[in-house]
Amino acid sequence: MSGLGMMCLWKDRPDPANMAAHAGAIFRFVLPSLPMFLVIPLLLRQGFGFGGSLAAGCALTIVVYGAMTWTRARFGMRL
């Protein structure tokens, strides 16, 4: 989906600096969501329902995103 979005963005606004900023933002927002894709199948294999597994994965993503934002702020980096 990110690739498709980047193609549409480039078609509408072919600006290398804007595309570089967009690609960098995608990378920073994808990182906190990666653990979700480990937790959901783990919970499903343990017998948890889909809704609970998805909720736990989303909650984990929020926690990891918050931790990443807090850590970056402590080192003076903006997200």
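Under the rule for a side-chain contact (heavy atoms from CB on, under 4.5 Å), the partners of R74 that lie at least two apart in sequence or sit in another chain are W70. The side-chain contact (heavy atoms from CB on, under 4.5 Å) check on P41 picks up R45, with sequence neighbours excluded.
Hydrophobic clustering of Ile, Leu, Val, Met, Phe, Trp and Tyr side chains at less than 4.5 Å, counting indirect connections, keeps M36 apart from V63. L42 and F37 sit in two unconnected hydrophobic clusters of ILVMFWY residues. Membership requires side-chain heavy atoms under 4.5 Å apart, directly or through other members. Linking Ile, Leu, Val, Met, Phe, Trp and Tyr whenever their side-chain heavy atoms come within less than 4.5 Å puts M6 and F27 in one cluster.
Taken to the nearest 0.5 Å, the CG atom of L31 stands 11.5 Å off from the OG1 atom of T61. Distance check: L43 CG to L60 CG gives 9.5 Å after rounding to the nearest 0.5 Å. The CD1 atom of I40 sits 5.0 Å away from atom CG of L54, with the distance rounded to the nearest 0.5 Å. Taken from CE in M7 to CG in D12, the straight-line distance is 12.5 Å, to the nearest 0.5 Å. Put simply, NE2 on H22 and OG on S2 are 6.5 Å apart, with the number rounded to the nearest 0.5 Å.
When every heavy atom of L44 is checked against every heavy atom of S53, the shortest pair comes out as CD2-OG, 3.6 Å. The shortest non-hydrogen separation linking P32 to V64 is CA-CG1, 3.7 Å.
Contact check for R72 versus R28: side-chain heavy atoms found under the 4.5 Å cut-off. At least one side-chain heavy atom of W10 sits under 4.5 Å from a side-chain heavy atom of P16.
In this structure, S33 contributes its side chain and V30 its backbone to a donor-acceptor pair below 3.5 Å.
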